[in-house]
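Since the structure comes first, as structure tokens, the remarks are kept for the end.
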Amino acid sequence: MTFGQSKTRKVVIIGAGFVGSSYAYSLVNQGIVNELVLVDLNKERAEGEARDLNHGMPFGFPMRIRSGDYEECKNADLVVITAGANQGPGETRLDLAHKNAKIMQGIVNSIMDSGFNGILLVATNPVDLLSHVALEVSGLPQERVIGSGTILDTARFRYLLSEYYQVDSRNVQAYIIGEHGDSELPVWSHVQIGGVPLKDYGNIENIEKDKDMTQLFENVRDAAYHIIERKGATYYGIGLGLARLTRAILYNENSIVTVSTLFEGQYGIENVYLGMPAIVNEYGIREVLDLDLSKTELEQLYHSAKVLKEITEKIIPTVN
Ligand code: NAD
């Protein structure tokens, strides 16, 4: 890169709560962007977070951080939405649907009014449905409206497998797909430890019926409930996940990440956002992987699509 011609990488975060500020902190720690703006309904909160993050600058990577308003989205490469109500104890992600769909509609309208023409990344729950709302309201091409999908669930899955087998989680290849929520599913047929299929590595005859593996998946699926019971919210894991996704996008990495994207006939599923491994780069979602799923996995994916489709069909007409 020629000196003085470094590319500006500008991210605007809408929602400077637990998730937004944990994400911002991850960006600062990893030096992923050089301009970061925090926007929140609660302006004081955004201002406080920006000041606090700026005071870490001498220990981190040089970047410009400030709080601001929606006009900051105009020249942003990436706008990340983490605003909205979060899950209360015992509340499912889908319970949040109505509340957060209205909030999402207002936020996306304000983003688009700025003249924004970059990539939109949604993390607010229920993330699959709200990514679909963001697509409808923004009118952006679908490859540029991305949901954080099952990135966190996939990370939890990889972590728990790595703990079980005492192998570095970065050497565990595994995906959680479908809804980021109760109907998500593990793709057991494609789990590999260092390239070795799990059934061979773990010497497991029928993974889908294995007691330990079933328990392990349940702990992935219910992880948010377990954490919310203990500390009220989850935010560090997703903060790091959003930072990973940001790097994939802004550095044109063509990385494979389990994001939420619009299905258009894959597996016979249409017009619903679901988490699937996809290749992500500076243009957004380049390609969704076509996994050869087992019969059980296909059934579970159809179930997940059905759950989301029902709520999507109720909510989308209310925001159009
Ligand atoms: P929080 O309450 O700490 O923060 C939400 C922030 O949004 C608050 O600062 C609030 O002022 C702001 N806000 C609300 N309405 C707004 C609006 N119209 N415009 C601008 N800002 C607005 O909540 P949190 O713990 O940060 O969670 C945020 C969202 O992230 C929730 O929906 C939660 O379920 C979700 N979440 C997603 C994942 C994931 O994997 N995708 C993981 C954890 C949490």
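In each ligand, atom 1 is the first atom listed, and ligand 1 is the first ligand listed.
Distances from atom 29 (C) of ligand 1 to the heavy atoms of L96, I81, T82 put T82 nearest. Across I227, N42, D40, heavy-atom proximity to atom 10 (C) of ligand 1 is greatest for D40.
The backbone N or O of I249 sits nowhere less than 3.5 Å from a side-chain atom of N281 that would complete a donor-acceptor pair. Side-chain N or O atoms of R247 include none that pairs as donor or acceptor with a backbone N or O of A243 at under 3.5 Å.
Here the CZ atom belonging to F217 is positioned 8.5 Å from the CG atom belonging to D153, to the nearest 0.5 angstrom.
Contacts of I238 with ligand 1, taken as heavy-atom pairs under 4.0 Å, involve the side chain alone.
Summary of contacts: the protein heavy atom closest to atom 5 (C) of ligand 1 is G84 O, 3.4 Å. In this structure, atom 31 (C) of ligand 1 lies nearest to the protein heavy atom A85 O, 3.3 Å.
Taking 4.0 Å as the cut-off, Y70 counts as a neighbour of ligand 1 on heavy-atom distance.
More than 12 heavy atoms of other residues, nucleotides or ligands lie within 6.0 Å of OH in Y225, so this atom counts as buried by the packing criterion.
For ligand 1, the polar-atom distance check finds an N/O of L41 within less than 3.5 Å of one of the ligand's N/O atoms.
No option in Y23, Y25, F18 other than F18 meets the ring-ring contact (aromatic ring centres under 6.0 Å, His included) test with Y235.
In plain terms, the two heavy atoms of Y175 and I256 that are nearest each other are OH-CG2, 3.8 Å.
The contact set between ligand 1 and N100, taken as ligand atoms under 4.0 Å from a residue heavy atom, comprises 32 (O).
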